[in-house]
There are 2 protein chains.
Amino acid sequence: MKLDDAAAHLEALGNPTRLKIYRALIRAGGAGLAVGRLQEKLKIAPSTLSHHIKALVVVGLVTQVRDATTLICHANYEVMRELVGFLVAECCTESAETKNAKAAA
Amino acid sequence: MKLDDAAAHLEALGNPTRLKIYRALIRAGGAGLAVGRLQEKLKIAPSTLSHHIKALVVVGLVTQVRDATTLICHANYEVMRELVGFLVAECCTESAETKNAKAAA
DNA sequence: ACCATATTTCTGGAATTATCGAAATAACGT
DNA sequence: ACGTTATTTCGATAATTCCAGAAATATGGT
């Protein structure tokens with residue numbers, strides 16, 4: 001994953017409302033959760049919710065499948081795993097530091 | 001880590017410039033990197049850089065230590081580890097899903 | 001075709017963020 | 001105290017984000 005993509009994903013998750021949406025979808029598991037269920041659960045205006053969901057869909061963290069009149073949202077585990085992978089590899093553990101120190105030595 | 005804190009951390013990292021700053025500090029390792037070195041490396045106006053660094057410091061992702069006239073910035077590994085821990089536990093692996101399913105059963 | 005439900009798009013305003021140059025501050029050496 | 005280097009704060013502007021009400025669209029049932 002490239003840095004700019006990682007930043008886009010982090011920005012999408014970097015809003016309490018969107019992070020709650022995403023967490024709710026994770027907790028919903030494979031069955032996903034309809035937009036309407038999310039709306040009941042999180043108590044935010046439908047238009048606002050729609051915008052936030054869209055922001056998550058655009059970066060690929062969430063996917064949607066239509067079931068008749070309702071849209072089921074699913075968390076995309078793979079994208080999140082890639083993001084965490086980026087953070088761990090480039091921005092988290094001291095392995096980056098160690099590697100750098102070794103390269104300098 | 002609470003959700004709002006996690007969101008604040010994610011937002012801080014969710015900007016390409018700030019993510020580059022943070023990554024540079026990780027790569028610098030334990031020695032850290034002076035603000036001036038970051039400025040040379042990233043080629044952004046000192047005032048802009050100062051603002052971005054401050055955003056990272058406020059959420060605890062970066063710490064600063066003064067060395068005479070220069071300020072050395074350090075990445076705070078522990079905070080990043082907490083953030084990744086939150087993501088993995090609550091927002092990443094399907095363990096959250098499984099746990100939820102078990103609780104519901 | 002019409003109605004009902006679910007969701008999105010449009011619109012607009014308030015608040016926040018990004019950016020930079022210029023001036024101010026901090027800390028040191030002399 | 002003065003000058004130098006390093007960094008931040010101030011001030012201003014452009015761009016973006018957040019929020020929600022109203023209208024529009026999508027889908028299915030009758």
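Lettering of chains follows the sequences in order, A, B, ..., and the numbering in each one begins at 1.
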- Dump the intermediate steps for side chain to side chain contact (heavy atoms under 4.5 Å, CB included) on L13(A) and L56(A), then the final yes or no. CA-CA 8 Å; L13(A) 293 172; L56(A) 291 167; 4.1 Å; yes
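- No donor-acceptor pair closer than 3.5 Å links the side chain of H51(B) to the backbone N or O of S47(B).
- For the segment residues 1-16 of chain B, the set of residues with a heavy atom within less than 4.0 Å of an atom of DNA chain D is empty.
- Remark: side-chain polar atoms of Q39(A) are paired, donor with acceptor, to backbone N or O of I44(A) under 3.5 angstrom.
- Between the H74(A) side chain and the L25(A) main chain, no donor and acceptor come within less than 3.5 Å of each other.
- Residues from residues 52-61 of chain A that place a heavy atom under 4.0 Å from any atom of DNA chain D, listed by number: H52(A).
- For R18(A), there are no salt bridge (charged side-chain N to carboxylate O under 4.0 Å, His left out) partners at least two apart in sequence or on another chain.
- Regarding contacts with the backbone of dT7(C), every side-chain N or O of Q64(A) stays at 4.0 angstrom or more from both OP1 and OP2.
- Annotation: the terminal axes of the helix from dA1(C)-dT30(D) to dT30(C)-dA1(D) meet at 20°, where each axis is the rotation carrying the C1' atoms of four end pairs onto the next four (5 pairs per end, rounded to 10°).
- One can place NZ of K43(B) at 18 Å from C1' of dT19(C), the figure rounded to the nearest angstrom.
- With hydrogens and angles ignored, the 3.5 Å screen pairs no side-chain donor or acceptor of H52(B) with any backbone N or O of I21(B).
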Hey, what are the protein-to-nucleotides 20-23 of chain C N/O distances that come in under 3.5 Å?
residue, atom, partner, partner atom, Å
dC20(C), OP2, T48(B), OG1, 3.1
dG21(C), N7, S47(B), OG, 3.4
dG21(C), O6, S47(B), OG, 3.1

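- Of all heavy-atom pairs between L38(B) and C73(B), the closest is CD1-SG, 4.4 Å.
- Across the protein-nucleic acid pair, L49(A) atom CG and dT8(C) atom C1' stand 11 Å apart, rounded to whole Å.
- Using a 4.0 Å heavy-atom criterion, one finds that T70(B) contacts the sugar-phosphate atoms exclusively.
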Output one line per pair: protein atom, nucleotide atom from nucleotides 23-28 of chain D, and distance, for all N/O pairs under 3.5 Å.
none

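- Residue contacts shown for R18(A) are limited to sugar-phosphate atoms, with no base heavy atom under 4.0 Å away.
- The shortest side-chain heavy-atom distance between V65(A) and L71(A) does not fall under the 4.5 Å cut-off.
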